Enquirer: 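Below is the structure I would like to discuss, written out as structure tokens.
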Amino acid sequence: MRKPLIVGNWKMNKTASEAAVLIRDLRERVPASPHADVVLAPPFTALESARNALGPSSWVSLGAQDIHWEDHGAFTGEVSAPMLRDIGCHYVIVGHSERRMYFGERDEHIQKKVRAALRHGLSPILCVGESLADREAGQTESVITSQLSGSLAGLTTQDLATVTIAYEPVWAIGTGRSATTEQAVIVHRSIRLFVETGWNSDIASAIRILYGGSVTPQNIESFLVSDAIDGALVGGACLNPDSFATIINLAQIPRA
Ligand code: PEP
């Protein structure tokens, strides 16, 4: 049985001081999370303050929203895996559709980022998802398969053991229009099949596949009810401590 994972992607929101307040408010509402793993991904500038607000033995893990593939060097504005490890990150989001859309990230970059994360013991959360045009053209599965092959090619099963995949239909991100459970389940099953075909059935049944796109306290249960969906990548709703606490608490409920 895969343990649910709830990831909060703060995007470009919250200063370092605001991060400390948000985490305090969240911890007041959720004292522990024994049945679901939780990751917060604040902006780089708030990572240290978030780490301090979480404390040394927190039930929440820290994640970053992006990474550069080199360890150091002349890459102005970038942040590397050793830097993220040193500040306390254990996870990193890679290939978010906003990075693909606004910053020209392609699968070849994403593959290098996944490898850099793995090289330094960070667990990558790899985002894949189709645009509305792709979906309407019946291309959902082929687009996602191509993103997965481009980003994961050449990884060993051992590498894959620490990867999480987040299915995030682009048309559902920040729009208030989430996928239906049925739409998400179809894609999640095809992602699991991709992993089984490319690696093996053990890793396919162990890997966590999250849904992301307008997840709220009102709809989270409709996703978690399916054993194909192992949790959620949450954007907007994670900035409100009441909403995110409710999502985490609902993820604690044992699944049938
Ligand atoms: C996201 O940022 O990955 C996301 C899913 O955002 P939202 O929950 O706001 O749609």
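Counting convention: from 1, in listed order, for ligands and their atoms alike. In this chain, numbering begins with 1 at the start of the sequence shown. For clarity, every value in this text was computed on a predicted model and none was experimentally measured. Computed over heavy atoms, backbone and side chain alike; hydrogens, waters and symmetry mates excluded.
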Enquirer: Among residues two or more places apart or on two chains, list those pairs meeting salt bridge (charged side-chain N to carboxylate O under 4.0 Å, His left out) that have a residue in residues 243-254.
Expert: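 Applying salt bridge (charged side-chain N to carboxylate O under 4.0 Å, His left out) to every pair that reaches into residues 243-254, excluding sequence neighbours, yields nothing.
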
Enquirer: Heavy atom under 4.0 Å from ligand 1: found in I173's side chain, backbone, both, or neither?
Expert: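 It is both parts that get close, each with some atom under 4.0 Å.
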
Enquirer: To the nearest 0.1 Å, how far is atom 1 (C) of ligand 1 from its closest protein heavy atom, and which atom is that?
Expert: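 Nearest protein contact, heavy atoms only, for atom 1 (C) of ligand 1 is H96 NE2, 3.2 Å.
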
Enquirer: Within the distance-only criterion (no hydrogens, no angle test), does the side chain of R85 pair as donor or acceptor with the backbone N or O of G121 below 3.5 angstrom?
Expert: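 Yes.
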
Enquirer: Between the side chains of R100 and D107, is the shortest nitrogen-to-carboxylate-oxygen separation below 4.0 Å, so that they form an ion pair?
Expert: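 Answer for the salt bridge query: yes.
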
Enquirer: Is A237 in contact with ligand 1, taking contact as a heavy-atom separation below 4.0 Å?
Expert: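 A237 does not count as a contact of ligand 1 under the 4.0 Å cut-off.
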
Enquirer: Taking H120 for the side chain and L122 for the main chain, is one N or O donor matched with an acceptor at less than 3.5 Å?
Expert: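 No, H120 side chain to L122 backbone: no donor-acceptor pair under 3.5 Å.
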
Enquirer: What atoms of ligand 1 come within less than 4.0 Å of a heavy atom belonging to G213?
Expert: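 Reading through ligand 1 atom by atom, the close ones are 5 (C), 10 (O).
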
Enquirer: Examine ligand 1 and decide if any of its atoms is less than 4.0 Å from a heavy atom belonging to A172.
Expert: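 Right, A172 reaches ligand 1.
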
Enquirer: Return the residue, atom name and 0.1 Å-rounded distance of the protein heavy atom closest to atom 2 (O) of ligand 1.
Expert: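 Among all protein heavy atoms, the one nearest atom 2 (O) of ligand 1 is K11 CE, 2.6 Å.
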
Enquirer: What I want to know is whether G174 and ligand 1 share at least one N or O pair that is separated by under 3.5 angstrom.
Expert: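 It does: an N or O of G174 is found under 3.5 Å from an N or O of ligand 1.
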
Enquirer: What class does the angle between the rings of H188 and Y167 fall in, given that below 30° is parallel, 30 to 60° is tilted and above 60° is perpendicular?
Expert: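 Because their plane-to-plane angle is over 60°, the rings of H188 and Y167 count as perpendicular.
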
Enquirer: Report the nearest protein non-hydrogen atom to atom 9 (O) of ligand 1: residue, atom name, distance rounded to 0.1 Å.
Expert: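 Result: G236 N, 2.8 Å.
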
Enquirer: Look at atom 8 (O) of ligand 1 and say which protein heavy atom is nearest, naming residue and atom and giving the distance to 0.1 Å.
Expert: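 Answer, as residue, atom name and distance: G235 N, 2.8 Å.
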
Enquirer: Using the side chain to side chain contact (heavy atoms under 4.5 Å, CB included) criterion, which residues pair with V170? Sequence neighbours excluded.
Expert: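 Per chain and number, V170 pairs via side chain to side chain contact (heavy atoms under 4.5 Å, CB included) with S97, M101.
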
